[in-house]
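It should be emphasised that the depicted structure is a prediction, and the values quoted were computed from it without experimental measurement. Numbers here are sequence positions counted from 1. FYI, side chains are in, hydrogens and waters are out, and symmetry mates aren't considered; it's all heavy atoms of this structure.
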Amino acid sequence: MSTVKLYYYPASGAARIALLAARLIGVPVQLEIVDLTKKEQYSESYMKINPQHCIPTLDDDGFILWESRAIACYLAEKYGKDDSIYPKDIKQRAIVNQRLYFDSSNLTVKMKSIYYPIIYNGVTEIKENLKEDFNASLAILDKFLEGNNWVAGDSVTIADTTIFASLSGILAFGWDISSFPNIQSWLKNCANLPGYEENRKGAEMFAEAVKRNLKQ
Ligand SMILES: N[C@@H](CCC(=O)N[C@@H](CS)C(=O)NCC(=O)O)C(=O)O
């Protein structure tokens, strides 16, 4: 299997979505660090590859792709050894896609509304309504997991690696999930995912940045 290049920064949840998908699929990855704290995403060479200047970006033998969930789908399609990680069955795939869109349009949006103001705007406490909003999304995720080991059913898919990478930062930050028993069980399953340790370190890095600003 050929090696793909992934432009990456460990603290970025989006970057870890692409990495965890690659680890689950088993495709070898050459990581190219783009240090967001040094604004390396604006360098001339990176802007040539990705004028949207975000990470992650995949370079598969000259084929350039960004948007983490699109990268996860592409890697699974091209390098997946069997159908289970991103099912070919239309309905099963639709459920995986639904979870991926839920992550990008709901979970991630609500998490960002919590941590962006802390990291970038000097906000030092989390408003109650934002907590409630995010917990309402976690309650939906908990429902998806009712009677299921994984977010899209009985088998692990790229929806699991995606949602796990997305949530890891805020979980490392200490978000209370005691009222979501299905999420707690799923997280135990996720501890066996390939790339778990790399993801954990990146999530810790993110959580430290949030904590630092909260203390100010
Ligand atoms: N929807 C995109 C989000 C990518 C994104 O916003 N990445 C952030 C880091 S988490 C970034 O690169 N920010 C720097 C920038 O946009 O200049 C994805 O999932 O790939």
Handout entry: Student check: side-chain heavy atoms of Lys131 and Trp175 closer than 4.5 Å
Key =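 A side-chain contact under 4.5 Å exists here.
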Handout entry: Any Leu141 side-chain heavy atom under 4.5 Å of Leu167 side chain
Key =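 A side-chain contact under 4.5 Å exists here.
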Going by salt bridge (Lys or Arg N to Asp or Glu O under 4.0 Å), name the residues that satisfy it together with [X], two or more places apart in sequence or in a different chain.
{"X": "Asp142", "result": "none"}
{"X": "Lys127", "result": "none"}
{"X": "Glu125", "result": "none"}
{"X": "Lys38", "result": "Asp35"}

Practice task
Please name all residues satisfying ring-ring contact (aromatic ring centres under 6.0 Å, His included) with Trp66, sequence neighbours left out, ordered by chain then number.
Solution key: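 So Trp66 forms no ring-ring contact (aromatic ring centres under 6.0 Å, His included) with any residue.
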Fill in the blank from the handout: Hits for ring-ring contact (aromatic ring centres under 6.0 Å, His included) against Phe164, two or more places apart or cross-chain, chain-then-number order -> Tyr196
Show every donor-acceptor pair shorter than 3.5 Å between a side-chain atom in residues 145-155 and any protein atom, with sequence neighbours excluded, or say none if there are none.
residue	atom	partner	partner atom	Å
Asn148	ND2	Phe144	O	3.0

Problem - Test item: Asn121 side-chain N/O and Val123 main-chain N/O as donor-acceptor pair under 3.5 Å - result: no
Exercise for the section: Would you mind checking if Arg200 and Glu197 are paired as a salt bridge, meaning a charged N to carboxylate O distance below 4.0 Å? Expected result: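 The answer is yes: the pair qualifies as a salt bridge.
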Exercise for the section: Quick one: which residue pairs count as a ring pair (Phe, Tyr, Trp, His ring centres under 6.0 Å) with a foot in residues 14-35, not counting sequence neighbours? Expected result: none
Problem - Where at least one partner belongs to residues 183-195, residue pairs that pass side-chain hydrogen bond (donor to acceptor under 3.5 Å, both in side chains), sequence neighbours excluded - result: Asp160-Trp186
Practice task
Could you name each residue pair satisfying side-chain hydrogen bond (donor to acceptor under 3.5 Å, both in side chains) that touches residues 111-120, not counting sequence neighbours?
Solution key: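 Pairs touching residues 111-120 that pass the test: none.
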Fill in the blank from the handout: Grouping ILVMFWY residues whenever side-chain heavy atoms fall under 4.5 Å, the cluster of Tyr42 otherwise contains Met47
Handout entry: Inter-residue atom distance Ser137.OG - Asp103.CG, 0.5 Å rounding
Key =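 The distance works out to 10.5 Å.
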If you look only at distance, which donor and acceptor atoms sit under 3.5 Å apart when one is on a side chain in residues 2-10 and the other is two or more places apart or in another chain?
residue	atom	partner	partner atom	Å
Ser2	OG	Tyr79	OH	3.3

Handout entry: Member of Leu58, Leu19, Asp60, Thr57 meeting the side chain to side chain contact (heavy atoms under 4.5 Å, CB included) criterion with Ile71
Key =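 The option that passes is Leu58.
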